[in-house]
Amino acid sequence: CSVLVVSPTDQHSIGLQEKLWDLADKSTLEAGQAFVPGKGMRGRHPILRFRNGSRITFRTAQQGGLALSGGTYDHLLIDELVPAEIFGELRARVARRNGTVRLTLTPINAPADWLREECEAGRIVDLHYRCEARWCIPVGATEPIVDRTGVPQDQAWVDRYIASMSAREVEVRAHGGWLLEHVDRSF
């Protein structure tokens, strides 16, 4: 299985690599795999290789469409919005294997109009979920995941998380909405 993970920048990619490294069962990895804090997966091109032959390759949209072209993957995860042209190039990377494309984002601070139009036209399926404690329980588990400080992501955790946001951001950041409420900035 071959997976491509695309993020907006190198720093964002390193953060994703670190999260994946923390989650990975190290006994399933090829020998020599390592994560270097602040730098990412060891090697010129960040790839996490598994003993069963699977691999997860990391790239950034910042590299441009040409740098993202040519590969063939089974699955594609795009974390945060990319320009429509980059999305088209990435979508082609899974076509040969009839692969899947997943795009995860919060549509704040990015031009999401093209994506919203595609979703409204039915060309991209829009799945979004409100920030609720039930989504913090992994499939097959009965208890919520635990954050880095050891606190379970239960209803109290969700309530604190939502309370940490400005009121105008909650619908988008916590509940999957498309737009922030209009704020008059004419002062």
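Since the model is a prediction, treat every value here as computed from it, not as a measurement.
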Within the 4.5 Å heavy-atom criterion, are [X] and [Y] side-chain neighbours or not?
X    : Y    : answer
M41  : I56  : no
E143 : P152 : no
V158 : W135 : no
V6   : L76  : yes
T9   : T60  : no
F87  : L115 : no
P46  : R59  : yes
E89  : R93  : yes

To the nearest 0.5 Å, tell me how far [X] [atom1] sits from [Y] [atom2].
X    : Y    : atom1 : atom2 : value
Q17  : K19  : CD    : NZ    : 12.0 Å
W157 : I145 : CH2   : CD1   : 7.0 Å
L103 : L127 : CG    : CG    : 11.0 Å
D126 : E118 : CG    : CD    : 12.0 Å
I124 : R116 : CD1   : CZ    : 14.0 Å
R102 : L77  : CZ    : CG    : 9.5 Å

Open item on the list: Apply side-chain hydrogen bond (donor to acceptor under 3.5 Å, both in side chains) to residues T104 and D79 and explain how you reach the verdict.
Closed with: CA-CA 5 Å; T104 57; D79 188 45; 2.7 Å; yes
Within one Ile-Leu-Val-Met-Phe-Trp-Tyr cluster: [X] and [Y], side-chain cutoff 4.5 Å:
X    : Y   : value
L16  : I78 : no
L4   : F50 : no
I47  : F58 : no
L105 : L90 : yes
V3   : I14 : yes

Considering non-hydrogen atoms only, spot the tightest contact between [X] and [Y] and give its length.
X    : Y    : answer
P144 : Q153 : CB-O, 3.4 Å
R51  : S27  : NH1-O, 3.2 Å
A61  : L68  : CA-CD1, 4.3 Å
H128 : H175 : CD2-O, 3.9 Å

Would you give me the side-chain donor-acceptor pairs under 3.5 Å for residues 28-37, sequence neighbours excluded?
unit_1	atom_1	unit_2	atom_2	d
T28	OG1	D25	O	2.6
Q33	OE1	R49	N	2.9

Open item on the list: Any side-chain to backbone donor/acceptor pair from D74 onto S2? Under 3.5 Å, distance only.
Closed with: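 Yes, because the side chain of D74 sits within donor-acceptor range (under 3.5 Å) of the backbone of S2.
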Open item on the list: Treating K26 as the side-chain partner and W21 as the backbone partner, does any N or O pair qualify as donor plus acceptor under 3.5 Å?
Closed with: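 Yes, K26 side chain to W21 backbone: donor-acceptor pair under 3.5 Å.
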Open item on the list: With a sphere of 6.0 Å drawn around CZ of R96, does it hold more than 12 non-hydrogen atoms of other residues, nucleotides or ligands?
Closed with: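 Atom CZ in R96 is not crowded, with 12 or fewer foreign heavy atoms closer than 6.0 Å.
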Name each donor-acceptor pair under 3.5 Å that joins a side chain in residues 159-166 to protein atoms two or more places apart or in another chain, with its distance.
unit_1	atom_1	unit_2	atom_2	d
D159	OD1	Q155	NE2	2.8
R160	NH1	A156	O	3.4
S164	OG	Y161	O	2.6
S166	OG	E169	OE1	3.4

Open item on the list: If you apply the rule side chain to side chain contact (heavy atoms under 4.5 Å, CB included), what do you find for T72 with R97, and how did you get there?
Closed with: CA-CA 8 Å; T72 301; R97 294 185 180 164; 3.6 Å; yes
